[in-house]
Student: 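Questions regarding the structure given below will be posed in turn.
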Amino acid sequence: MTATRVLVLNSGSSSVKYQLLDMRDHSRLAVGLVERIGERTSHLTHTRLGEERATRERGGPIADHGAALEAVAEELAADGLGLDSPDLAAIGHRVVHGGMFFTEPTVVDESVLTEIERLIPVAPLHNPANLTGIRTALGLRPDLPQVAVFDTAFHTTMPEHAARYAIDGRIADRYRVRRYGFHGTSHAYVSRATAELLGRAPEDVNVIVLHLGNGASASAVRGGVCVDTSMGLTPLEGLVMGTRSGDMDPAVIFHLRRVGGMSMDEIDTLLNKRSGLFGLCGDNDMREIQRRIDAGDAQAKLAFDVYVHRLRKYIGAYCAVLGRVDAVVFTAGVGENAAAVRRAAIEGLELFGLAVDEERNAVRSGEARLISPDSARVAVAVVPTDEEMEIATQTYALVANGTALEDHS
Ligand SMILES: Nc1ncnc2c1ncn2[C@@H]1O[C@H](COP(=O)(O)OP(=O)(O)O)[C@@H](O)[C@H]1O
Ligand SMILES: CC(=O)OP(=O)(O)O
Ligand SMILES: [Mg+2]
């Protein structure tokens, strides 16, 4: 019997999202989420899909990502889908920073773990969680291929003039300071799905992808190949995010250090965890911000306006980078759900061939859909991202063609 199931783990700084998929028909057998890991009250939601669909929840503290994965393994086992199953072909892990080294999904061995660990300083919120997830999974199933799928991989095609910072080249090379980009699995999946929505081959379309989740990034994709993206050395550059500042004058850091007397760690925490929407108005969830705007809250309105202004600047910039644009596409939590953000981001951009049809934009749906009027020169679309399916597909492709099993000797 061939093993055809893949467990996907998407470990964030304080959460783990997971899915168990059967790659014969790409069906999902179970999905779940562990939230608030390391806090006083963590929360796990587990759903078994299919005919015996059922959801279970559990509270109580979950200390770290290792404990989270053990809890996930217990939930899966309770549904007869445990990690000891012979049907399990591999475990696919989202790894946020792969540096310049990893351009493809990779079967994890000691040297891969060492490299992911070496990259912790440039992904301090993410890579440690990813590593713990992999190590715990290896402990539970040492015989199974563990595949790392890197957020940075899709962006390794960026030309040097987009990847380089304009600083002393020798310093940049010595410390590997360059723009790497993140959310690549999502940008890759969504740009391909957009081509499909347009009924065209990925090689024939130029797309601007706006991945607006808690972290947020934009990318310019020419014929299926990434040519620019808004995140840089770390996931801090670019768009305004839930709690991250995105672009600003780097001298703000010197100023806060020299004049404000803040330590480097304090500034790091400020820019990564207490900035963005949260820093501007005290809330990082776009739903709450919209509720406050509706109630006449000026601070929430300013946060929304700063967020949208930055987004519009990137849309304009990537129109210039691509020259010809076939589609602008919104994805992830904010992009898929916040019609007001989409409207405000595209409003007044008719010169670029961009417009939003209000009725289409107001539709709530989990499907990929156009929201531009039929007459528009450039398509504007909403395409739900599916990082877990993409990770499972890449993981299974690597395992099923035999290389992973051989490499994992
Ligand atoms: N119905 C909604 N309306 C507006 N914003 C939403 C809605 N649902 C989710 N969001 C936004 O999406 C964010 C989460 O996006 P998601 O892509 O799930 O993030 P991540 O994967 O980075 O955790 C929330 O913080 C919230 O701002
Ligand atoms: C890289 C990154 O920002 O990821 P997330 O949106 O999951 O925080
Ligand atoms: Mg996400």
Side-chain angles (χ1 to χ4, degrees), residues 8-19 31 33-37 93-98 119 122-130 133 149-155 179-187 189-190 209-219 229-246 271-273 275-278 280-281 283-294 300 303-304 307-308 330-345 361-366 382-391:
V8 175
L9 298 177
N10 179 347
S11 302
S13 51
S14 67
S15 70
V16 179
K17 293 180 189 167
Y18 63 93
Q19 293 193 2
V31 303
L33 169 67
V34 190
E35 294 171 286
R36 300 195 296 274
I37 297 169
H93 300 264
R94 175 188 181 209
V95 178
V96 163
H97 214 314
L119 290 162
V122 280
L125 300 183
H126 296 94
N127 272 32
N130 305 153
V149 178
F150 297 92
D151 257 41
T152 42
F154 182 61
H155 303 299
R179 309 189 56 257
Y180 294 95
F182 300 90
H183 296 134
T185 305
S186 176
H187 287 287
Y189 174 87
V190 169
V209 180
L210 305 167
H211 174 107
L212 311 177
N214 248 318
S217 66
S219 69
T229 194
S230 61
M231 283 179 165
L233 174 72
T234 78
L236 184 55
E237 190 180 343
L239 299 174
V240 175
M241 307 179 215
T243 64
R244 290 172 236 164
S245 62
L271 299 181
N272 274 298
K273 297 191 171 167
S275 296
L277 292 170
F278 178 78
L280 286 161
C281 76
D283 271 307
N284 64 330
D285 193 305
M286 193 54 86
R287 285 166 286 203
E288 184 57 19
I289 289 168
Q290 285 180 300
R291 200 193 54 71
R292 284 173 57 186
I293 294 172
D294 291 344
F304 182 92
Y307 184 96
V308 167
F330 291 86
T331 194
V334 175
E336 290 166 32
N337 295 298
V341 170
R342 298 193 297 256
R343 182 195 318 118
N361 190 34
V363 171
R364 300 195 61 84
S365 147
V382 179
V383 175
T385 192
D386 198 341
E387 287 164 291
E388 284 77 16
M389 182 62 78
E390 180 72 12
I391 291 170

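Hydrogens, waters and symmetry mates are skipped; everything else that's a heavy atom, side chains included, is used. Indexing begins at 1, ligand by ligand and atom by atom, following the structure's order.
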Student: Would you call K17 and E388 a salt bridge, using N to O less than 4.0 angstrom?
Tutor: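 No, K17 and E388 are not salt-bridged.
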Student: Which atom names give the shortest non-hydrogen contact between V240 and G276, and what distance separates them?
Tutor: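 Answer, listing the atom of V240 first, then G276: CG1-CA, 3.9 Å.
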Student: Does any non-hydrogen side-chain atom of L280 lie less than 4.5 Å from one of Y307?
Tutor: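 They are not in contact (no side-chain heavy atoms under 4.5 Å apart), so the answer is no.
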Student: So which protein heavy atom does atom 19 (O) of ligand 1 come closest to, and at what separation?
Tutor: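 For this ligand atom, the closest protein heavy atom is N214 N, 3.2 Å.
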Student: Going by side chain to side chain donor-acceptor pair (under 3.5 Å), name the residues that satisfy it together with N272, two or more places apart in sequence or in a different chain.
Tutor: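 For N272, the residues satisfying side chain to side chain donor-acceptor pair (under 3.5 Å) (neighbours in sequence not counted) are D268.
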Student: Are N361 and R342 close enough that a side-chain donor and a side-chain acceptor fall under 3.5 Å?
Tutor: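 There is such a pair (donor and acceptor under 3.5 Å, judged by atom type) between the side chains of N361 and R342.
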Student: Does a side-chain heavy-atom distance below 4.5 Å link R292 with D283?
Tutor: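 In short, these two side chains touch, coming nearer than 4.5 Å.
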Student: Starting from atom 4 (C) of ligand 1, find the nearest protein heavy-atom neighbour and note its residue, name and distance.
Tutor: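 Protein heavy atom at minimum distance: R287 CG, 3.6 Å.
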Student: Look at atom 18 (O) of ligand 1 and say which protein heavy atom is nearest, naming residue and atom and giving the distance to 0.1 Å.
Tutor: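 Nearest protein contact, heavy atoms only, for atom 18 (O) of ligand 1 is K17 NZ, 3.9 Å.
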Student: Would you mind reporting whether L212 and E336 have side-chain heavy atoms less than 4.5 Å apart?
Tutor: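 The answer is no; the side chains never approach within 4.5 Å.
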Student: Heavy atoms, side chains only, cut-off 4.5 Å: are F304 and M286 in contact?
Tutor: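 Result yes, sub-4.5 Å side-chain heavy-atom pair found.
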Student: Could you name the protein residues that come within less than 4.0 Å of ligand 2, counting only heavy atoms, and order them by chain and residue number?
Tutor: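 Near ligand 2, by chain and number: R94, V96, H126, D151, F182, H183, G215, M231, P235, R244.
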Student: Would you mind checking which non-hydrogen protein atom is closest to atom 26 (C) of ligand 1, with the distance to 0.1 Å?
Tutor: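 Protein heavy atom with the smallest distance to atom 26 (C) of ligand 1: D285 OD1, 3.4 Å.
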Student: Which class fits the ring pair H155 and H187: parallel under 30°, tilted 30 to 60°, perpendicular over 60°?
Tutor: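 H155 vs H187 ring planes: perpendicular.
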Student: Assess Q290 for proximity to ligand 1: is some non-hydrogen atom of it under 4.0 Å away?
Tutor: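 The answer is yes, since Q290 has a heavy atom less than 4.0 Å from ligand 1.
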Student: For atom 27 (O) of ligand 1, grab the closest protein heavy atom and report residue, atom and distance to one decimal in Å.
Tutor: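 The closest one turns out to be M286 N, 2.8 Å.
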Student: Applying ring-ring contact (aromatic ring centres under 6.0 Å, His included), name anything that partners F330, two or more places apart in sequence or on another chain.
Tutor: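 F330 satisfies ring-ring contact (aromatic ring centres under 6.0 Å, His included) with no residue once adjacent residues are dropped.
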Student: By number and element, which atoms of ligand 1 are closer than 4.0 Å to a non-hydrogen atom of G215?
Tutor: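 Listed by number with element: 22 (O).
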Student: Do T152 and F182 make a side-chain contact, defined as non-hydrogen atoms from C-beta onward lying under 4.5 Å apart?
Tutor: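 In contact.
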Student: For atom 1 (N) of ligand 1, grab the closest protein heavy atom and report residue, atom and distance to one decimal in Å.
Tutor: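 Answer for atom 1 (N) of ligand 1: N337 CB, 3.4 Å.
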Student: At a 4.0 Å threshold, what atoms of ligand 1 neighbour a non-hydrogen atom of A332?
Tutor: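 So the atoms of ligand 1 that pass are 17 (O).
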Student: Any atoms of ligand 1 less than 4.0 Å from a non-hydrogen atom of V334? List them with their elements.
Tutor: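 Listed by number with element: 11 (C), 12 (O), 27 (O).
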Student: Taking only residues two or more places apart in sequence, or in another chain, which ones meet T185 in a side chain to side chain donor-acceptor pair (under 3.5 Å)?
Tutor: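 In terms of side chain to side chain donor-acceptor pair (under 3.5 Å), with neighbours along the sequence ignored, T185 is linked to no residue.
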Student: What atoms in ligand 1 come closer than 4.0 Å to a heavy atom of G213?
Tutor: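 Going through ligand 1 atom by atom, the ones under 4.0 Å from G213 are 15 (O), 16 (P), 17 (O), 19 (O).
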Student: I need the contact type for R364 against ligand 1. Using non-hydrogen atoms and a strict under-4.0 Å cut-off, is it side chain, backbone, both or neither?
Tutor: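 Side chain only.
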Student: Polar-atom distance check: G333 versus ligand 1, any N or O pair below 3.5 Å?
Tutor: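 Yes.
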